[in-house]
Amino acid sequence: MNRIDKLFITKKTGILSVYFTAGYPAPGSTTKIVTALEENGADMIEIGIPFSDPVADGPVIQKSSHRALQNGMSLEVLLNRLSEIRNNVTIPLILMGYFNPVLQFGMEKLCSRLNRIGIDGLIIPDLPPEEYAKKYRNLFRDHNIHNILLVTPQTPDERIRTLDDLSSGFLYLVSASSTTGGKLSMDTGQKAYFSRVAAMGLSNPLMIGFGISDRESLDAAYQYAAGGIIGSAFIRALENRDCAPEENVKIFMNKLR
Amino acid sequence: MNDYQVSRTGYYGEFGGAFIPEMLYANIKELQDSYLDMLEDPGFRETYLDLLRDYSGRPTPLFFAKRLSGQYRTNIYLKREDLNHTGAHKINNAIGQALLAKKLGKRRIVAETGAGQHGVATATVCALMDMKCTVYMGAEDIKRQKPNVGRMKMLGAKVIPVYQGNQTLKDAVNEAMRDWISHPAETHYLLGSVVGPHPYPDLVTRLQAIISEELKGQMKEKTGSEDPGTIIACVGGGSNAAGIFYHYLDHPHVRLIGAEAAGKGIHTNKTAATLLTGRPGVLHGSFSSVMQDDDGQITEPYSISAGLDYPGIGPLHAHLHQTGRAEYYAVTDDEALDAALNLSRKEGIIPALESAHALALLDKLDFPPDEHVVINLSGRGDKDLQTLLQHLENEPD
Ligand SMILES: Cc1ncc(COP(=O)(O)O)c(C=O)c1O
């Protein structure tokens, strides 16, 4: 069974997923960060494939992508790392990245590599769901890889249902109309949006991301969804040069307790 | 016969589409669903054409360049897009999209700009139509196209410098898209070329198609035939070229030629010749030719001309290139500078550095003496004087 499915069966609430960019902050840090995240209580990890032009990302993730590329990270390098990492890490691992590097690598080749390594899902924000349905859905299914789709405050209910049909693993609820790294404001509009989607009775579990940065915003996410996704705030924590990456992970995860 | 029109789903052959994050879905869908109806609405059409005539000064003249024709022993005509209000073809698109934005109830416009011509055109129509205007411009382009930055400020636009990447056009597009993602409800993204997700390539092509619509009548009047032998235009994203090609796409006897910016040369890593050095990929929401490395990372382009300094190109051009309907050649910085100087001295017209790339092809291609060659003079060179004068100083007298 796909590890993502297993997670949502065994844990219904309070699921913490953490995003960071592979190859950031240093060339050799990816393995250490993934391992430390699991050790310190992350339920799931989203590993970013760096891209030169990440249009859906705010300054923090942009900077981490840029640095990761300078550090020599690429999809090929990452996959090699991941096959080692998978020996020691049992929680679900998801790759998140823009379409062009994936397209150039080859979707079929990627899915089969991910299956062999034991990667559980992909998030490709600029791969339209319609394109996925037409060209790649069977491929993902055959390789037991989940494609996780995004829902935003602008998405009409009818489309949310379509996305729920096409998505597997979970549905990524983008908290606000913004790029990554914003701040969650739990105003009435925000609450109404979360409640509306939560009440739709969708087949996928929901995970809330974008603007989740600390204990408080994480709790807000837990209130309306199975869990929350932290990205930019964690990457900011990794910027601290005084500690080793695994130490920064520990400090950050402790603050969330 | 080949079909050069966009498909219902936004493809020219295999190129095009709308590869956008879900955050932009609602806005793009709204545009996809409404743009054709709006463009074909008689009220829209009338307002658009009135503004082109009374505000921008269209039709732009077709000028027979006698001394240039003598030099190259053929018949050269210049389609004078430089004589538009604000000095380039960009205003054709800006007027149309601003009207469309108004219809959609948007009160705020964001735009990217490279050379600053699209930024100025956008700032201009926003002043005219009382809309808020934010223009993203790479910090490098702000330096090399200073006069246009001043014009945008004068017109009341907010110009935001972009410090990512090479600090040029690609980076400005990224930032404009991020702005749109963050302000989807009240904002229209007034994209300046035939790039981006569907429907932008078709929308901008149709708004620039006025160039070839006029050209047909002007050619008929001057030569007795609607069809010139050859049409040459520079291609950055490809909007002035798409506009002057449009009504000739199904006239196979008209040779269509695009001039890409070679920068220091297409075999160097300082180039912006996308079709000649790129391969298929996705950038800024469409599948087209893209300059990229083996890992699919976009490579930073280089050209002396800010408007051509872009690692992507509109999907229509990728299709025209693939099918062979249009030919594309590369022109280096130095060749463009020489061509700009030559036109200034021969015809008393200082061209934009972008347009100078089209002119420079006259040195590389041979035309029979009875041929009619039309060059799209997409813009005027005022903005480039700093760069042109530097070149002049290095010229032997
Ligand atoms: C005068 C002029 N010509 C051409 C271009 C290139 O754009 P496009 O290829 O879309 O016509 C620009 C862009 O800034 C321009 O200012």
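Just so it is clear: chains get the letters A, B, ... in the order the sequence lines come, proteins before strands, and each one is counted from 1. Just so it is clear, the values below take in all heavy atoms, side chains as well, and ignore hydrogens, waters and symmetry mates.
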Using modelled atom types only, decide if a donor and an acceptor are shared between the side chain of [X] and the backbone of [Y] within a distance under 3.5 Å.
X: B:S289; Y: B:A318; answer: no
X: A:D126; Y: A:F99; answer: yes
X: B:D293; Y: B:D295; answer: yes
X: B:E354; Y: B:G307; answer: yes
X: B:D141; Y: B:A115; answer: no
X: A:S168; Y: A:H146; answer: no

Salt bridge (Lys or Arg N to Asp or Glu O under 4.0 Å) for A:R236 and A:E239? Distances and angles first, verdict last.
CA-CA 5 Å; A:R236 238 179 277 124; A:E239 277 168 17; 6.0 Å; no
Who are the side-chain contact (heavy atoms from CB on, under 4.5 Å) partners of A:T179, not counting sequence neighbours?
B:R178, B:I181, B:S182
Partner chain B: residue of A:P129, A:P156, A:S178, A:A176 with the largest heavy-atom pair count (under 4.5 Å)
A:S178
Taking every non-hydrogen pair under 4.5 Å, which of A:N100, A:T152, A:L127 racks up the most with chain B?
A:N100
Contacting moiety of [X], where chain B heavy atoms sit under 4.5 Å:
X: A:L163; answer: side chain
X: A:P50; answer: backbone
X: A:E131; answer: side chain
X: A:Y172; answer: neither

Greater than 12 external heavy atoms within 6.0 Å of [X]'s [atom1]:
X: B:D294; atom1: CG; result: no
X: A:K183; atom1: NZ; result: no
X: B:R279; atom1: CZ; result: yes

Can you tell me which residue among B:E112, B:E300, B:H284 is in a side-chain hydrogen bond (donor to acceptor under 3.5 Å, both in side chains) with B:K170?
B:E300
Proximity of residues 59-85 of chain A to chain B, residues having a non-hydrogen atom under 4.5 angstrom
A:Q62, A:L69, A:S74
Which of residues 102-113 of chain A have a heavy atom under 4.5 Å from any heavy atom of chain B?
A:L103, A:Q104
Before giving the answer on side-chain contact (heavy atoms from CB on, under 4.5 Å), spell out for B:L100 and B:L203 the whole-Å C-alpha distance, their side-chain angles and the decisive distance to 0.1 Å.
CA-CA 10 Å; B:L100 206 139; B:L203 170 62; 3.7 Å; yes
Which region of B:P280, side chain (C-beta onward) or backbone (N, CA, C, O), has a non-hydrogen atom less than 4.5 Å from a non-hydrogen atom of chain A, or is it both or neither?
backbone
Residues of residues 10-22 of chain B near chain A, each having a heavy atom less than 4.5 Å away
B:Y11, B:A18, B:F19, B:I20, B:P21, B:E22
Check step by step if side-chain contact (heavy atoms from CB on, under 4.5 Å) holds for B:H183 and B:T134.
CA-CA 12 Å; B:H183 308 92; B:T134 300; over 6 Å; no
First locate atom OH of A:Y98, then atom OG of A:S52, and finally report the distance between them rounded to the nearest 0.5 Å.
10.5 Å
Are any non-hydrogen side-chain atoms of A:Y132 and A:I124 less than 4.5 angstrom apart?
no
